[in-house]
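Just below is one structure, and these are the notes that go with it.
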Number of protein chains: 2
Amino acid sequence: MISKTCGYAIRGIVFLALEQNKHRKHGILEIAEDLQIPQHFLGKILQDLVRRGIINSIKGPHGGFFVNAKTIDTPLIEVVEAIDGLGIFKKCFLGREECSSTNPCPLHDEFDGCRSAIFKTFENLKIADLVTKIDNGDSYLSLNKEFATEI
Amino acid sequence: MISKTCGYAIRGIVFLALEQNKHRKHGILEIAEDLQIPQHFLGKILQDLVRRGIINSIKGPHGGFFVNAKTIDTPLIEVVEAIDGLGIFKKCFLGREECSSTNPCPLHDEFDGCRSAIFKTFENLKIADLVTKIDNGDSYLSLNKEFATEI
DNA sequence: ATAAAAAAAGAGTCTTTTATCTTTATTTAA
DNA sequence: TTAAATAAAGATAAAAGACTCTTTTTTTAT
Ligand code: FES
Ligand code: FES
């Protein structure tokens with residue numbers, strides 16, 4: 001659905017916005033190791049997000065990435081738009097050149113509702129919502145090795 | 001969601017299984033032109049489907065691709081499995097290495113139901129169902145230029 | 001037998017996505 | 001004012017997906 005890159009972006013932002021993280025800066029190495037994302041790749045993604053104003057950064061010693069005033073209120077769709085573009089919601093499921101409700105493919109009606117639901121979810125969910133889930137211990141940004149080993 | 005290749009596969013099979021098509025053979029060139037899919041690329045895809053027994057083919061003059069006894073009863077999930085594999089339904093939305101319901105990412109609960117619904121739809125829908133939609137004039141395998149021009 | 005038609009197979013290209021490595025620019029602190 | 005830390009940028013590469021071109025094999029019809 002959304003690209004791996006876009007998932008990295010969302011996880012990176014949420015990491016910065018977590019309650020215990022949001023008042024300090026984080027170097028790219030720290031974020032990448034914590035989230036288990038290739039460092040320089042994540043670097044470029046976060047740089048994009050800085051340009052878009054979704055997060056901030058400063059260079060130099062004690063520099064790093066950090067949240068700004070709008071970060072936690074950013075709807076996920078804005079991140080998706082920044083990274084993947086909204087075109088991902090407009091592709092025909094069967095690979096036709098266009099998706100059209102007046103000239104639909106045989107899967108259009110089956111899945112169009114689902115696609116709209118996903119789109120709306122991305123519109124409604126904000127970074128803050130994901131942060132809450134994690135602060136509550138309901139979900140996790142990286143795979144928890146403890147869970148994997150406690151067989 | 002599913003790959004472009006997989007969409008091509010489904011459209012190719014459905015084309016062969018349409019009421020007016022199902023009693024004769026069709027050359028790859030004819031199919032590719034009709035569906036507007038790159039010829040040799042579609043050729044390879046259909047060859048895969050022949051190996052899987054989903055459709056049949058014979059070489060030589062008057063040869064081509066054609067439906068067999070099981071074609072119309074093939075559930076779409078079987079085509080998806082053949083082309084993309086079922087792994088596409090098991091990837092974490094946020095690009096973590098694994099998707100886990102005991103150690104979920106913050107989008108897991110939001111979208112897992114939707115993903116299951118899509119999976120079940122692919123399990124339940126058969127080629128015959130798509131053929132019916134097209135025979136009824138409810139949907140189309142290729143973009144209809146008439147629709148595009150009749151502004 | 002031979003030629004032609006068609007799928008099958010092989011090999012290669014182009015593009016996009018994902019990832020790595022290296023260099024540069026900026027900032028801080030000593 | 002120099003060294004170190006760090007983001008930013010640039011260049012390259014690896015992998016996957018999508019597509020093309022060429023050759024081979026099989027079959028049919030003459
Ligand atoms: S999804 Fe195929 S036409 Fe809309
Ligand atoms: S979708 Fe992310 S853990 Fe399941």
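Lettering of chains follows the sequences in order, A, B, ..., and the numbering in each one begins at 1.
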In whole angstroms, how far is the [atom2] atom of [N] from the [atom1] atom of [X]?
X	N	atom1	atom2	result
B:N56	C:dA7	CG	P	13 Å
B:I28	D:dC21	CD1	P	15 Å
B:I45	C:dA7	CD1	C1'	15 Å
A:Q47	C:dT24	CD	C1'	12 Å
B:I37	D:dC19	CD1	P	9 Å
B:H40	C:dG12	NE2	P	17 Å
B:L29	D:dT20	CG	C1'	14 Å
A:K25	C:dT26	NZ	C1'	14 Å

Quick one: does [X]'s side chain have a donor or acceptor within less than 3.5 Å of a partner on [Y]'s backbone?
X	Y	result
B:D84	B:S3	yes
B:R96	A:Y140	yes
A:H108	B:S139	no

At under 4.0 Å, does any side-chain N or O of [X] touch on OP1 or OP2 of [N]?
X	N	value
A:R51	D:dA7	no
A:Y8	C:dA19	yes
B:S57	C:dA8	yes

For [X], answer base if it contacts any base atom (sugar-phosphate contacts may also be present), sugar-phosphate if it contacts only those atoms, and nothing otherwise; contact means non-hydrogen atoms under 4.0 Å.
X	value
A:F66	nothing
B:I58	sugar-phosphate
A:G64	sugar-phosphate
A:H62	sugar-phosphate

In terms of the nearest nucleotide of DNA chain C, which residue is placed more toward the 5' end: B:I31 or B:K44?
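The residue mapped nearer the 5' terminus is B:I31.
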
Strictly below 4.0 Å, N to O, side chains only: are A:K126 and A:D129 in salt-bridge contact?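 A:D129 and A:K126: not salt-bridged.
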
*Select one nucleotide: of D:dT20, C:dA7, D:dA9, the one nearest the side-chain heavy atoms of B:P38.*
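Among D:dT20, C:dA7, D:dA9, the one nearest the side chain of B:P38 is D:dT20.
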
For this session: Could you grab the distance from atom CD1 of B:I13 to atom CD1 of B:I10, nearest 0.5 Å is fine?
Result: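 The CD1 atom of B:I10 is 7.0 Å from CD1 of B:I13, to the nearest 0.5 Å.
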
| field | First of B:T5 and B:K59 reached from the 5' end of DNA chain D, by closest nucleotide | value |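 It is B:T5 whose nearest nucleotide is closer to the 5' end.
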
